[in-house]
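Here the structure is laid out as structure tokens; the discussion comes afterwards.
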Protein chains: 2
Amino acid sequence: MCPEPAPPTGAEPAWGVQADFGWALGVVFRSYLKAANAAVAELPGGPRGYQVLAAAARDQPRSQLALAQQLGVDRTVMTYLLDDLEKAGLVERRPDPADRRARRLTATESGEELLCTLDRRLRLAEEHVLGALDESDRETLRGLLQRVATQVDALDPVASACDVVNDIADESAMPAGRRPRTGD
Amino acid sequence: MCPEPAPPTGAEPAWGVQADFGWALGVVFRSYLKAANAAVAELPGGPRGYQVLAAAARDQPRSQLALAQQLGVDRTVMTYLLDDLEKAGLVERRPDPADRRARRLTATESGEELLCTLDRRLRLAEEHVLGALDESDRETLRGLLQRVATQVDALDPVASACDVVNDIADESAMPAGRRPRTGD
DNA sequence: TATTGTTATACTCTATAACTATA
DNA sequence: TATAGTTATAGAGTATAACAATA
């Protein structure tokens, strides 16, 4: 009395959770995160630090806040991240001549060098995670993820996907008597 | 002097991070996580609670520990999760007749009902996240993720991907003078 | 008055260690 | 002695709120 996510073959034992999108996405993400973590372990801030460093080197963000929003982190976290990266001599905070409240971000030479190395390692980590696929399928997966991510990011760089579910929650009938704090 | 991830077209401003696999994967994952969070917000333990409930209903795990390992969570976390789910009357811990240390897990009727509803909502959340793709591309993406996840999960249900990077770290030349605590 | 960035504080999540009851 | 489960404690990561400087 519930269509169950329909296991691919139906013969294997212990399917259940394993058959769904969320599970697969989570496994792949955590696996990549683990590899990426190891790849950039020496960098203050880990993978997040990498994104900040990469943005500083290539996007030359106009302010800490702008970068924080672009990466979907709190602006206070950005402060800590930059403190550590600057202490390590990888990025610099420079005053914005146009707005003395804001700070421009740039990568030092040392930062750019390190970024090169990290890029190479991350590429290897990525290929390790995608080990199950041949090059053609990897390209396809990368492309599809890119399309989804781009749209999601365009719709709402950080939040999104959340309001929708409020509608979903209203639409779908609850098992009666169980409908706790919605504003939680 | 560094091959840079090669922006797709090369004309757009502010590419950088946006062009890489890790970024796309992270955006998609967080977006789905947010939607899933909202979809199962009323369930103790959120998405993790859902996975436990689903496993209890469909896999009938032989022990808490077995399920914890299958889901990649600490066994202490499993205790908290089950405490809350049991308190809500959704799952039951029953003594394993074969091993009086272990507990069998089953979903209550109330739990199965709720699971139905949540499955439906998660399906909607998933489709919302994949809004950029037509049905055919969604199938492709699901299939590819499934293949990658299955292999990753088979190689190492929890860890994996980590040792590899130790090799990577050795292989790749560091910018000299910068090679902090490896055992961190 | 609103905004950028910083600091201090509190909260959540997760992991660690110690304990029990079984095997 | 080793294992399943629980509990208590500590740590990392994150968010909240208050503040200073500037717009």
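A, B, ... follow the sequence lines: proteins, then strands. Residue 1 opens every chain. All of these numbers come straight from a predicted model, not from anything done at the bench.
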A:Glu109, CD atom: more than 12 neighbouring heavy atoms under 6.0 Å: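 No - once you tally the heavy atoms of other residues, nucleotides and ligands closer than 6.0 Å, there are 12 at most.
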Atom-pair distance ([atom1] on [X]; [atom2] on [N]), nearest Å:
X	N	atom1	atom2	value
B:Asp74	C:dT16	CG	P	7 Å
A:Leu65	C:dT4	CG	C1'	7 Å
A:Gln69	C:dG5	CD	C1'	13 Å
B:Tyr80	C:dT14	OH	P	11 Å
B:Met78	C:dC13	CE	P	16 Å
A:Asp96	C:dG5	CG	C1'	13 Å
B:Leu81	C:dT14	CG	C1'	12 Å
A:Arg75	D:dA20	CZ	P	15 Å

Identify the residue among A:Glu127, A:Glu42, A:Glu126 that makes a salt bridge (Lys or Arg N to Asp or Glu O under 4.0 Å) with A:Arg121.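 Among A:Glu127, A:Glu42, A:Glu126, the one that satisfies the salt bridge (Lys or Arg N to Asp or Glu O under 4.0 Å) with A:Arg121 is A:Glu42.
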Within the 4.0 Å heavy-atom criterion, would you say B:Arg103 contacts the bases, only the backbone, or no part of the nucleic acid?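 The answer is sugar-phosphate, as B:Arg103 gets under 4.0 Å only of primed atoms, P, OP1 or OP2.
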Quick one: label A:Thr79 by what it contacts on the DNA or RNA (base, sugar-phosphate, nothing), any heavy atom closer than 4.0 Å.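 Counting heavy atoms under 4.0 Å across all strands, the contact made by A:Thr79 includes a base.
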Nearest 0.5 Å, what's the CG-CZ distance between B:Leu25 and B:Arg30?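 With rounding to 0.5 Å, CG (B:Leu25) is 9.0 Å from CZ (B:Arg30).
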A:Leu144 side, atom CG; B:Leu145 side, atom CG - distance, nearest 0.5 Å: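 So the CG of A:Leu144 and the CG of B:Leu145 are separated by 9.0 Å.
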Contact list (N/O, under 3.5 angstrom) for nucleotides 21-23 of chain C vs protein:
{"unit_1": "C:dA23", "atom_1": "OP1", "unit_2": "B:Arg100", "atom_2": "N", "d": "3.0"}

Test applied, side chain to side chain donor-acceptor pair (under 3.5 Å); reference residue, A:Gln64; option that passes from A:Arg93, A:Gln69, A:Arg75, A:Arg103: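 Answer after filtering A:Arg93, A:Gln69, A:Arg75, A:Arg103: A:Arg93.
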Using heavy atoms to find the nearest nucleotide of DNA chain C for A:Ser63 and B:Val77 separately, return the residue whose nucleotide is more 5′.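 It is A:Ser63 whose nearest nucleotide is closer to the 5' end.
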